[in-house]
There are 2 protein chains.
Amino acid sequence: MTDDAMNLRARHKQATREAISHAALRLAIDQGPSGLALVRVQDIASAAGVSPRTYNNYFSSREEAICSFQADQSRRAGQALAARPADEPLDRAIVAAMLELYTDPEPDRAGLRMIMSTPELEGEALKAFTMAEGPLAEAIAARAGMDPQRDLFPAVTAAAVAGAIRVAGRHWLASGSAGSFAGVVREALACVVPSAPAPRAGSSSPA
Amino acid sequence: MTDDAMNLRARHKQATREAISHAALRLAIDQGPSGLALVRVQDIASAAGVSPRTYNNYFSSREEAICSFQADQSRRAGQALAARPADEPLDRAIVAAMLELYTDPEPDRAGLRMIMSTPELEGEALKAFTMAEGPLAEAIAARAGMDPQRDLFPAVTAAAVAGAIRVAGRHWLASGSAGSFAGVVREALACVVPSAPAPRAGSSSPA
DNA sequence: GCACTTAGTGCGCACCACGCAACATATGGC
DNA sequence: GCCATATGTTGCGTGGTGCGCACTAAGTGC
């Protein structure tokens with residue numbers, strides 16, 4: 001079939017994208033949070049083995065390139081929850097999905113520290129986390145039998161979960177990565193999803 | 001004493017800042033979400049009656065100037081909660097503080113729609129909302145008698161509250177601003193604030 | 001009134017996003 | 001295997017921006 005041939009280009013494209021992203025993150029980490037301005041587009045491009053113009057075809061800002069991996073991860077949050085067994089209660093499903101998404105490979109401390117302690121990257125990192133909320137909200141709504149457009153619960157819970165994971169990351173870094181990240185995530189999520197499974201009487205979700 | 005004289009300069013500085021911010025938001029709204037790129041720094045500066053260089057002394061990006069008012073609002077979240085009576089329970093205090101901060105003057109729909117539906121502004125808006133979490137977490141910790149450094153609850157709750165308000169704003173816009181914003185905020189906060197009173201049927205937007 | 005501080009400004013430079021057009025390589029039909 | 005086509009890569013040029021630097025003017029304390 002043409003899949004293999006097609007994949008040749010697609011894979012090359014994906015490889016280029018990852019090369020640029022990886023190079024950007026690597027250079028940013030090398031320079032440290034304070035010297036992000038010293039990382040020039042030219043440096044990223046040459047480190048990735050492409051021209052500056054090609055870099056710009058993939059990303060329109062250094063921040064976007066650096067936080068690309070996090071954006072990809074967030075994009076999988078929705079399907080991670082949807083992939084949980086249907087009979088699993090919402091709260092357990094959320095915790096399990098987030099744990100396997102964010103702690104299966106423990107996050108790279110240097111990269112996490114970089115994007116969380118650099119003001120210029122903070123906005124992009126926030127955008128990446130927020131990107132997960134939409135699909136996550138839909139998955140929550142599907143599991144709770146709610147309408148994502150009418151009920152606030154799914155979107156609010158998704159935002160709370162994303163925020164909890166973000167806080168967990170910050171806390172994990174601040175504590176010198178003493179314990180496991182999974183433990184911190186569990187503790188953080190426990191603050192926002194304990195009462196989740198019970199459908200609140202206040203919200204209207206006529207079955 | 002010298003306060004008045006000092007204030008003369010400080011006030012002029014503040015006035016300049018607000019003039020620039022207001023001009024930026026006004027121009028952005030005029031151009032609409034799709035034409036933000038057409039708003040040049042020169043336009044903002046001339047609309048505010050200052051030189052482009054002066055604009056750049058206050059803000060280092062159009063997005064920052066446009067979302068300045070929201071950042072200022074977020075900066076008051078902590079003291080809004082701290083200002084609540086000490087004997088008020090945490091959940092009620094949070095709801096009351098957020099309501100008087102975000103709904104005392106109902107938010108400007110055009111401005112809110114602008115910053116929430118423009119991708120370029122989304123990051124800055126997120127940063128503005130996140131800016132509220134720190135002080136908010138400290139206020140929560142103080143009220144709950146916790147240590148903001150050790151306990152995750154204050155920071156996670158602060159993030160959840162900020163996220164709930166953000167979702168409330170989005171939902172309020174999407175619903176055509178049908179009900180009062182205060183009602184939507186109440187309903188959203190009820191999803192995340194521990195033991196928060198469920199929205200009374202009739203007092204807030206029913207569904 | 002005088003010295004000091006600080007906001008506002010003009011100038012200039014380095015950098016960046018992006019449209020455009022040319023080129024190389026993969027793709028798919030024959 | 002060959003050619004027409006689609007698509008990724010690159011160089012170039014341009015408009016725009018962020019910001020350091022030096023200067024001026026206005027506010028401020030003694």
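None of these values were measured; they are calculated from a predicted model. Numbered from 1 within each chain, the chains take letters A, B, ... in sequence-line order.
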query: Is Lys127(A) salt-bridged to Glu63(A), cutoff N-O under 4.0 Å?
result: no

field: Electrostatic pair Arg166(B):Glu133(A) at N-O distance under 4.0 angstrom
entry: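 Here Arg166(B) pairs with Glu133(A) in a salt bridge, since their nearest N and O are under 4.0 Å apart.
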
For the side chain of [X], starting at C-beta, report the closest nucleotide among [options].
X: Arg9(B); options: dG11(D), dT5(C), dG8(C); result: dT5(C)
X: Arg40(A); options: dG20(D), dC15(C), dG11(D); result: dC15(C)
X: Val50(A); options: dT10(D), dT9(C), dT7(D); result: dT10(D)
X: Arg62(B); options: dT10(D), dT17(D), dG8(D); result: dT17(D)
X: His12(A); options: dC12(D), dT9(D), dG20(D); result: dT9(D)

- request: Look at Thr54(B) and dG8(C) and indicate whether a side-chain polar atom (N or O) is within less than 4.0 Å of OP1 or OP2.
  value: no

field: Tyr55(A) vs dT9(D): side-chain N/O to OP1/OP2 distance below 4.0 Å
entry: no

Specify the separation, in whole Å, of atom [atom1] of [X] and atom [atom2] of [N].
X: Leu38(A); N: dC19(D); atom1: CG; atom2: P; value: 13 Å
X: Glu63(A); N: dG18(D); atom1: CD; atom2: C1'; value: 13 Å
X: Glu64(B); N: dT17(D); atom1: CD; atom2: P; value: 15 Å
X: Asn56(B); N: dG12(C); atom1: CG; atom2: P; value: 17 Å
X: Glu120(B); N: dA17(C); atom1: CD; atom2: P; value: 13 Å
X: Lys13(A); N: dT7(D); atom1: NZ; atom2: P; value: 10 Å
X: Ile44(A); N: dA17(C); atom1: CD1; atom2: C1'; value: 14 Å
X: Asp43(A); N: dC16(C); atom1: CG; atom2: C1'; value: 13 Å

message: Categorize Ser60(B) for me: base, sugar-phosphate, or nothing, with a 4.0 angstrom heavy-atom threshold over every strand shown.
response: sugar-phosphate

query: So what does Phe59(B) hit on the nucleic acid, given a heavy-atom distance under 4.0 Å: a base, only sugar-phosphate, or nothing?
result: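 The residue Phe59(B) makes no contact with any strand.
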
task: Specify whether Phe181(B) and Trp172(B) have parallel, tilted or perpendicular ring planes, treating 30° as the upper limit for parallel and 60° as the lower limit for perpendicular.
output: tilted

- request: Without swapping roles, check the side chain of Arg84(A) against the backbone of Arg92(A) for a donor-acceptor pair under 3.5 Å.
  value: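 Absent.
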
field: Polar pair under 3.5 Å, donor/acceptor by atom type, side chain Arg53(A), base dG8(D)
entry: no

query: Considering residues, nucleotides and ligands other than Arg113(B), do more than 12 of their heavy atoms fall under 6.0 Å from its CZ?
result: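 No, not enclosed.
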
